[in-house]
Amino acid sequence: SEPLQEQHSTTTTYVVVSISCSPRSSMAKAPGASLGPVPFADVEADSGLVSGVPEQLPEEHADADLVSALPSAPMAMGISNLRFYEGCWLPEWSVPAAVALQRRFEPRRDDVIVASFPKCGTTWVNALTFATMARRAYPAAGAGHPLLRLNPHQCIPFLEGLFGSRRGEAKLEALPSPRVMNTHMPLAMIPRAAAPGGGGCKVVYVCREPKDMVVSRWHFHRQLHPELAFADVFEAVCSGAVAYGPVWDHMLGYWSASTARPDSVLFLRYEELLRDPAEHVRALARFVGLPFSGAEEDAGAVHDIVKLCSFGHLKNLEANKTGHVNPILQIPRGALFRKGAAGDWVNHMTPEMARRLDEIVADKLHASGLTFHE
Ligand code: A3P
């Protein structure tokens, strides 16, 4: 999530790449074929992976004018300034990373990117995507599953975090296929990811009812700034000047791509995932080219993934209860698992505030076909 990005953390952003189009009925491993994504934290720990690549800043970071020439706004959460780059308010540190991403990110056809606006269900969809794609190597009910010992954000690299250094880029390059990555960047910053014509990789986007996103964001940032007023976060979101905002433009970019290229962009909604997680896991599996076989269905593989990644299960794992998402910002991992429900905005917003944000969002999404109904 966003404050982690401030420190170039490996926060989640997802890109899932199809492993194979062979029928799931066998799920047999073809000679030389990968069994699915590897947990990024395990690969990252292998220092031999990028030996010889210095921890050196890419040229975009040395270009001071790149950032200073852009319009700026203070971040309501008091973490860093925002800069307006190509229609998006980005945290200042991530502007060079965005430019580097645009210039050098080369998607592989079997990559999968999980994309989201912060606080919209990133952690959950990261876990579901990883568990679904990695199920041949790691059955979800297995005692050795990586999600039992690692936070979901440790399993999937944070794309813009990696593009903060040459070594980060090298790590991404060295990651075996299929790669799963995570980003909060708008689609325009990863133009080759879901490229028209099917040349890019696949993108899984999760969006959330904006009022609940505001509430979740306020609670999360209060971990660092207990004095933060809810009204300040609300106003920032309404103005559009919030990290990765405006939120409506973020959603619209992925929404439009998903309607134009449904094979490349899967558009998920947090509230619908809550309503029927199993059906969405099936859709996710089909999307990445790994539909569940009859045998897997009979064996309860879908249910196992839903259970493994459920809020109640993940929240209570030691890997998610202890430690910090980011060692510098010291945000407890537990903050990623707060309430896990829809509709909490009624406990934080006046009816007037709710109406105002609803109207802004409805106006901005007008005629797109994307709507939010309670
Ligand atoms: P709340 O603060 O409303 O509880 P992100 O991962 O993008 O930062 O989003 C965080 C939101 O997703 C939080 O919402 C968090 O509780 C919720 N969440 C995290 N894991 C979840 C899970 N497995 N199932 C449902 N919701 C989850």
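Just so you know, ligand 1 is whichever comes first in the structure, and atom 1 is the first atom listed for that ligand.
- Checked by distance only, ligand 1 and Cys120 come closer than 3.5 Å through their nitrogen or oxygen atoms.
- Once rounded to the nearest 0.5 Å, the distance linking CD of Glu106 with CD of Glu169 reads 11.0 Å.
- Counting only distance, with no hydrogens or angles, the side chain of Arg83 and the backbone of Leu70 share a donor-acceptor pair below 3.5 Å.
- Less than 4.0 angstrom separates some heavy atom of Ser216 from each of these atoms of ligand 1: 1 (P), 2 (O), 3 (O), 11 (C), 13 (C), 14 (O).
- The shortest separation from a heavy atom of Leu336 to ligand 1 is under 4.0 Å, placing the residue in contact.
- A cation-pi arrangement, defined by a distance under 6.0 Å to the six-membered ring centre and an angle within 45 degrees of its axis, is absent between Arg222 and Phe230.
- By the criterion of a heavy-atom distance under 4.0 Å, neither the backbone nor the side chain of Ala127 is placed next to ligand 1.
- Ligand 1 has no N or O atom lying under 3.5 Å from any N or O atom of Ala341, backbone or side chain.
- Residue His219 places no heavy atom under 4.0 Å from ligand 1.
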Between Phe130 and His153, does the ring-ring contact (aromatic ring centres under 6.0 Å, His included) criterion hold? Intermediate values first, please. CA-CA 10 Å; Phe130 180 82; His153 295 274; over 10 Å; no

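- For the side chain to side chain donor-acceptor pair (under 3.5 Å) test with His219, the passing option among Lys119, His348, Lys339 is His348; the others fail.
- In terms of N/O distances under 3.5 Å, ligand 1 is approached by Lys339.
- For ligand 1, the polar-atom distance check against Tyr270 finds a nitrogen or oxygen pair separated by under 3.5 Å.
- When only interatomic distances are considered, the shortest N/O to N/O separation between Thr122 and ligand 1 falls below 3.5 Å.
- Considering backbone and side-chain N/O of Phe117, none are found under 3.5 Å from N/O of ligand 1.
- Within 6.0 Å of atom NZ in Lys315, more than 12 heavy atoms from other residues, nucleotides or ligands are found, so the atom counts as buried in its surroundings.
- Near Gly121, the atoms of ligand 1 lying under 4.0 angstrom from a non-hydrogen atom of the residue are 5 (P), 6 (O), 7 (O), 9 (O).
- Of all atoms in ligand 1, numbered sequentially from 1 with element shown, those under 4.0 Å from a heavy atom of Arg208 are 1 (P), 3 (O), 11 (C), 14 (O).
- In terms of N/O distances under 3.5 Å, ligand 1 is approached by Gly340.
- By the rule that hydrophobic residues join a cluster once side-chain heavy atoms approach within less than 4.5 Å of another member, Val203 and Trp255 end up as members of one cluster.
- Atoms of ligand 1 lying under 4.0 Å from at least one heavy atom of Cys309, given by number and element, are 23 (N).
- Panel note: side chain Asp212, backbone Asp344; a donor-acceptor pair is recorded below 3.5 Å.
- The ligand atoms of ligand 1 that sit less than 4.0 angstrom from a heavy atom of Phe337 are 16 (O), 19 (C), 20 (N).
- Distance check: Leu317 CG to Leu308 CG gives 8.0 Å after rounding to the nearest 0.5 Å.
- At distances below 3.5 Å, at least one donor-acceptor pair connects side-chain atoms of Asn316 with backbone N or O atoms of Gly312.
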